[in-house]
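Comments concern the structure below.
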Amino acid sequence: MGKIGTQTIKGTIYSYLGVIVGFFSITLLRSHGLTTEQNGILELIISYTMILVQLGSLGIFSASSRCFPYFRDAEHNHHGFLFLLSAIPIVGTLFFSILYFLIQFIIPENNYTSFLNEWAGPILILTVANLIFNIFDTYNRNAFFDAVTGATLKEFLLKVSTAVAMGVMLFFALPFHLFLSIWLFANVIPSILIFYKLQRNNHLNFKPSLKFLDKEKVRMLTSVSLFAVISGFTTMIIQYIDKIMIDGMINTSLTGIYGITAIFGTVVIMPSRVMYRIGSIVVSEKWKSNDLAGIASVYKKSCINQLLIGLLIFIGIWANIDNVFKMLPQNEGYEAGKYVIFFISLGGLIEMSTGLNGVLLATSKYYRYDTYFFIALIILTILANIIFIPIYGITGAAIASALTTFLFNLFRYLFIWRKFKIQPFGWKNLHILIIGIIILLIIGLLPAFEWFIVDIIVRSGLITIFYIGLVYWFNLSPEMNNIIDNILKKIKI
């Protein structure tokens, strides 16, 4: 897959180094250092922040992958694109912050407004930090095809810095508000570093090029950004509404349990983040040259390779599910999140197995339809949560997430198939699924070792050996086989 494959591998390495650090931070530090209610507060601060970041950006970050190719010109500072990336989010964030300040006098006080009023400071600080990082990361990815730096800072370094913040709290027994200040500073570090990198390389030039913005380009930016902010906002709502609704419909403590256990499930979808980062740029360039065959190739390869990776992680998580809860605090109710992990992992696997369908649609001439799908999805997600949370509690929220993820990706798949005549799935995808299911069933027969660390190592090791071995034997992923062959040649096996 060329540039996509290379950066995906590098980015995935850093992402999973971050997962290891984050895993340590969550299981041994955060879950043990904070009460379930404090964890719930942290989850809600993050949830509201991510929603505000999407609104405040006014869609420019998402729109950049589609619009930047028309601005690309290194000799002329890419026609002031960095200025646009910076100015638009500033205006958007100020607008929505002032809007909330005004409407809070109209809306009757409730659980949601009470939380926002109490924790407005941390939410705004975290919002600004994320916006700054997104500005420079978006520019770095589009202008210099560098998806690894952002992934390293966001997925790895951020996990390290927040883990250090949690370690400081535990060691010095700090009160929650003081810990929150240190944690917020840790979240600012990636923004500072990516700014420093671009400045050191003389890549920062905020000079606008307003003359270049003719009516056609303004119309393109406005149109794409409008639909991007709607789809981006709905994406964040879908991703975080479960925690917000659990807090409103049940309590903050169960929000904390849901947030901690759901993190284990989100590990499945981690590799796709790097794929989306660089994939959006490459697919956008292919649309510009109308290379439909190239797009079809990227789409098909992304489906099979992401399924391969996602299924391996899913099997590893569920085969070790009992060991997961031996890492978390006992007698604090975390066991209630067992099937939260299952359904969140399942939703992640569905998302992984459908590859770059979202990128393909969002960068095509039919990008508006992706927004319509998102609007329908947000309605479906809220309804599903309203139905399932009262019946199944926090597991109901996870069921709603998996169900809506399946339906959403099904609609995307059918739409792409109909409009572009591209169908990415084949027998190899099914064969990978069959191999995964058989291995999961067989590994379930293995008796548990007394020490859970040994049990994790043995189970995970056997799963990896047999899974990768069978996929390699049947040549289900030529890209993976090439990687293994190169490794074997280097070690002369």
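For clarity, every value in this text was computed on a predicted model and none was experimentally measured.
- One distance of note links CD1 of Ile125 with CG of Leu184; it measures 5.5 Å at 0.5 Å rounding.
- Residues Val340 and Tyr334 have side chains not in contact (no heavy-atom distance under 4.5 Å, counting atoms from C-beta outward).
- For the ring-ring contact (aromatic ring centres under 6.0 Å, His included) test, residues two or more places apart in sequence or in another chain that qualify with Tyr366 are Tyr369, Phe415, Phe420.
- Under the 4.5 Å side-chain criterion, counting only non-hydrogen atoms from C-beta, Ile386 is in contact with Met245.
- Looking at heavy atoms from C-beta onward, Ile317 lies out of side-chain contact with Phe314 at the 4.5 angstrom threshold.
- To the nearest 0.5 Å, atoms CD1 (Ile135) and CD1 (Ile90) are separated by 6.0 Å.
- Between Thr381 and Ile237, every side-chain heavy-atom pair lies at or beyond the 4.5 Å cut-off.
- The side-chain heavy atoms of Met236 and Val53, taken from C-beta on, include no pair separated by under 4.5 Å.
- One N or O on the side chain of Thr162 and one on the backbone of Lys159 form a donor-acceptor pair closer than 3.5 Å.
- Not one N or O on the side chain of Gln38 forms a donor-acceptor pair closer than 3.5 Å with the backbone of Thr36.
- Within the 3.5 Å criterion, the main-chain N or O of Ser401 finds a donor-acceptor partner in the side chain of Thr405.
- In this structure, CD1 on Ile123 lies 7.5 Å from OH on Tyr48, to the nearest 0.5 angstrom.
- Looking at Thr255, Leu254, Ile260 one by one, the single match for side-chain contact (heavy atoms from CB on, under 4.5 Å) with Ile257 turns out to be Leu254.
- Classification of the Trp183-Phe179 ring pair by plane angle, with boundaries at 30° and 60°, yields tilted.
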Worked verdict on Gln239 versus Thr266 for side-chain contact (heavy atoms from CB on, under 4.5 Å): CA-CA 11 Å; Gln239 187 173 346; Thr266 58; over 6 Å; no

side-chain contact (heavy atoms from CB on, under 4.5 Å) between Leu180 and Trp119, worked out: CA-CA 11 Å; Leu180 192 59; Trp119 301 99; 3.6 Å; yes

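- Within 6.0 Å of CZ on Phe452 lie more than 12 heavy atoms contributed by other residues, nucleotides or ligands.
- Here ring pair (Phe, Tyr, Trp, His ring centres under 6.0 Å) pairs that include residues 233-262, with residues two or more places apart or in two chains, number zero.
- A side-chain donor-acceptor contact under 3.5 Å links Gln330 to the backbone of Phe325.
- The pair Arg141-Asp137 meets the salt-bridge criterion, since a charged nitrogen lies less than 4.0 angstrom from a carboxylate oxygen.
- Not counting sequence neighbours, the partners of Tyr413 by the ring-ring contact (aromatic ring centres under 6.0 Å, His included) test are Trp417, Phe425.
- Under a 3.5 Å cut-off, the side chain of Thr222 and the backbone N or O of Arg219 do not form any donor-acceptor pair.
- To the nearest 0.5 Å, the span separating CZ on Arg412 from CG on Leu410 amounts to 12.0 Å.
- When atom types are taken as modelled, the side chain of Ser161 and the backbone of Leu158 share a donor-acceptor pair closer than 3.5 angstrom.
- Ring centers of Phe343 and Trp318: at least 6.0 Å apart, outside the cut-off.
- Within the 3.5 Å criterion, the main-chain N or O of Ile132 finds no donor-acceptor partner in the side chain of Ser191.
- Between Phe176 atom CZ and Leu178 atom CG the span is 11.5 Å, to the nearest 0.5 Å.
- Atom CG of residue Asp247 and atom OG of residue Ser47 lie 9.5 Å apart, to the nearest 0.5 angstrom.
- In this structure, a donor-acceptor pair under 3.5 Å is absent between the side chains of Lys154 and Asn134.
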